[in-house]
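Values below: all heavy atoms of this structure, side chains included; hydrogens, waters and symmetry mates excluded.
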Amino acid sequence: MENSEPDPSRQRNGVVSVLYGEFTDALNDRVRYSVSLTESALTVQRISSSPGRTKAVFNLTDCVGCRAHRGPDGADIGAYFTAYFYPFKRRWMSAGVARQKVEQRFRVALVQDPLANLQEAEGWARAIRDASVLQAPRRDGVVYAEVRRPCRLMVLVNPQSGRGQALQRFTGHVQGMLTEAAVPYTLVITEHQNHARELVRKADLSQWDALVIMSGDGLLFEVINGLMEREDWQEAIQTPLGILPGGSGNALAASVHHYSQSPPAWNEELLLSCGFMLCKGLVGSMDLVSIHLASRQRLFSFLSLAWGFVADVDMESEKYRHVGAIRFLMGTLARLASLRVYQGRLAYLPVIEAPKLPSTPQHPSLCSSLPCRLIPNTSPNQNSRHNHNSTNSNRYTITNSSNNAITTKRPETRCESKIRAQEDSLLPGLDQPVPESWTVVREEDFVLVLAIYQSHLAEDLWTVPGAMADDGVIHLFYVTAGISRPALLRLFLAMEKGGHLACGCPHLVYEKVKALRLEPISPQGMITVDGEMVEYGPVQAQIHPGLARLICG
């Protein structure tokens, strides 16, 4: 068996343009394959005199890793390398496509020296890994960073979330993917409420390249607020955050999957999709919303602020937690049976859509939709000005489409100069009237008020079809009194496919806002932030664009 030597002149970004070899099947030495690796694909061709389709092409965009190893038989002189792909394939039992695992394993026995064969297998595994890193599935017009490689993850799992199966789902699905991607991690099982909040508030974050949450949305709420309570919050909140669906709602996980422009997915398919994005390690910006309560407590929210019907369903369906995501449907039907109307005052600062002007030359910035991206410098032999700093604030290198380095400083996200002072410049005191630039809603009788900043409110509730994690907008919905029970049910059923805004319901209002204030008049009710119940009373909120960083696709 021969293996052609790569031509050093045919390299780009440290990856060989074409690497070729001939290997045998891992289970059958009589089956031989020619294997070629380019910058974008691994092509496998069965060597056979028989006609037929014997060629397969695997896109490196779908590859999470490759590892080399010896066989289980100590007498076997051969070595092996296995590449792991998660391409979109047709579902077995239903329509549509979803990511499914595909392994390609080959036996290397070029010579009689086991060590030489292992070195050859390791060379192939390394080349495939390096090429796959450069082929992450980026979306056009989106600026990304990447988690530093090799990365170190802290994975926080709430064993009580959902139906109490979060830990089992992690070990059954995600653990293997991280091994395939050669991503080291430390598993932390939370023991009580606010355990994660206390942990990240005190943790030495220089030990971690990302914090990953395997739970519902409540655990991420704890983590974000723990980071924002640190003295070094400006640096701490730049730690990339990953989400794996392990709860009942899984709104952020569903949103991240949606932002990747992948076909809809639920349950294990959604977990596989989020695990894939975690292994790929692309990092984008995520807006946070600063929320002030009457007691002067200040919280940071990544998902939603709710009052009325949505908050009632969320809290009252807790008793159905053991049944999983269907708890929300049961809670919805129960609350529809005794629909409540709440009195209150609502005001907001609307987003003023800027008129489109003729394009003029501007200096490049991360805030613009330029075809640039951020990728890590991983070669220790590069000039020292390209080396990584060990702190969170200097991990990324900006490159443009021609891969020419511009700077090694971590770029400031939009509006960061204002956020750096941690000021809510748009909000007056809760005891002060709202500015004249705000819109005051005339109605005072509401069925629900929902402010949301992600696309999904739950796995099966596509609430804001046009939302992005960093669009700098609070998407405000409210439903006024007078809506019938069937009409309200139709709205939520239409929300499964994002069609509720097209229903023409006169009681539903949707606005894009930068800030809002809600003052309940009804003496009893519930307000939730990211699905967690907070103090009932006056509340106001302001968006902070791009304050956090999210592992996404």
- [ ] Could you tell me if the ring centre of Phe170 sits under 6.0 Å from that of Tyr185?
- [x] yes
Open item on the list: To the nearest 0.5 Å, what is the distance between CG on Leu153 and CG on Leu211?
Closed with: 9.0 Å
TODO: Please say which of Phe309, Tyr478, Phe477 ends up in a ring pair (Phe, Tyr, Trp, His ring centres under 6.0 Å) with Phe446.
DONE: Tyr478
Task: Exam field: side chain Asp209 to backbone Arg152, donor-acceptor pair closer than 3.5 Å - done: yes
Task: Full working for side-chain hydrogen bond (donor to acceptor under 3.5 Å, both in side chains) between Gln542 and Ser290 - done: CA-CA 5 Å; Gln542 171 183 330; Ser290 174; over 6 Å; no
Task: Side chain Gln454, main chain Leu303, donor-acceptor under 3.5 Å - done: no
Task: Check: Arg67 main-chain N/O paired with Tyr84 side-chain donor or acceptor under 3.5 Å - done: no
Task: Beyond-backbone contact of Glu180 with Lys101, side-chain heavy atoms, under 4.5 angstrom - done: yes
- [ ] Return yes if some donor-acceptor pair links the side-chain N/O of Asp62 with the main-chain N/O of Phe85 below 3.5 Å, else return no.
- [x] no
TODO: Spell out, as yes or no, whether a donor-acceptor pair under 3.5 Å connects the side chain of Asp530 to the backbone of Ser304.
DONE: yes
- [ ] Look at the aromatic rings of His544 and Phe300 and report parallel, tilted or perpendicular, splitting at 30° and 60°.
- [x] tilted
Open item on the list: Rounded at 0.5 Å granularity, tell me how far CE in Met286 sits from OH in Tyr453.
Closed with: 11.0 Å
Task: Test item: Ser262 side-chain N/O and His258 main-chain N/O as donor-acceptor pair under 3.5 Å - done: no
- [ ] Find the distance between CG (Leu476) and CD1 (Ile452) and round it off to the nearest 0.5 Å.
- [x] 11.5 Å
TODO: Answer yes or no: is there an ion pair linking Glu269 with Arg91, defined by an N-O contact shorter than 4.0 Å?
DONE: yes
Task: Atom pair CG (Leu518) and CD1 (Ile527), whose distance is rounded to the nearest 0.5 Å - done: 5.5 Å
Open item on the list: Within the 4.5 Å heavy-atom criterion, are Ile243 and Leu278 side-chain neighbours or not?
Closed with: no
TODO: State whether the side chain of His195 and the backbone N or O of Glu191 hold a donor-acceptor pair below 3.5 Å, judged by distance alone.
DONE: yes
Task: Quiz item: cation-pi between Arg99 and Tyr86, 6.0 Å / 45° - done: no
TODO: Could you tell me the separation between the SG atom of Cys274 and the CD1 atom of Ile213, rounded to the nearest 0.5 Å?
DONE: 12.0 Å
Open item on the list: With a 3.5 Å distance limit and no angle check, can you tell me whether Arg129 reaches the backbone of Cys66 through a side-chain donor-acceptor pair?
Closed with: yes
TODO: Name all residues meeting the side chain to side chain contact (heavy atoms under 4.5 Å, CB included) criterion together with Arg490; count only those two or more places apart in sequence or in a different chain, and write none if there are none.
DONE: Pro486, Ala487
Task: Interatomic distance, Ser161 atom OG to Met214 atom CE [nearest 0.5 angstrom] - done: 7.0 Å
- [ ] Please report the C-alpha distance between Glu316 and Arg340 in whole Å, then the side-chain angles of each, then the deciding distance to 0.1 Å, and finally whether the salt bridge (charged side-chain N to carboxylate O under 4.0 Å, His left out) criterion is met.
- [x] CA-CA 13 Å; Glu316 294 171 359; Arg340 296 172 182 165; 3.5 Å; yes
Task: Minimum side-chain heavy-atom gap Gln135-Cys63 below 4.5 Å - done: no
TODO: Identify whether the distance between the nearest side-chain nitrogen and carboxylate oxygen of Asp424 and Arg298 falls below 4.0 Å.
DONE: yes
Task: Flag side-chain contact, heavy atom, 4.5 Å: Gln234 against Asp232 - done: no
Open item on the list: Is it the case that the side chain of His257 and the backbone of Trp266 share a donor-acceptor pair, with hydrogens and angles ignored and the cut-off at 3.5 Å?
Closed with: no
Task: Lys280 bridged to Glu146 by N-O distance under 4.0 Å - done: no
- [ ] Go through Tyr342 and Trp307 one step at a time and tell me if the ring pair (Phe, Tyr, Trp, His ring centres under 6.0 Å) criterion holds.
- [x] CA-CA 9 Å; Tyr342 292 91; Trp307 173 58; 5.6 Å; yes
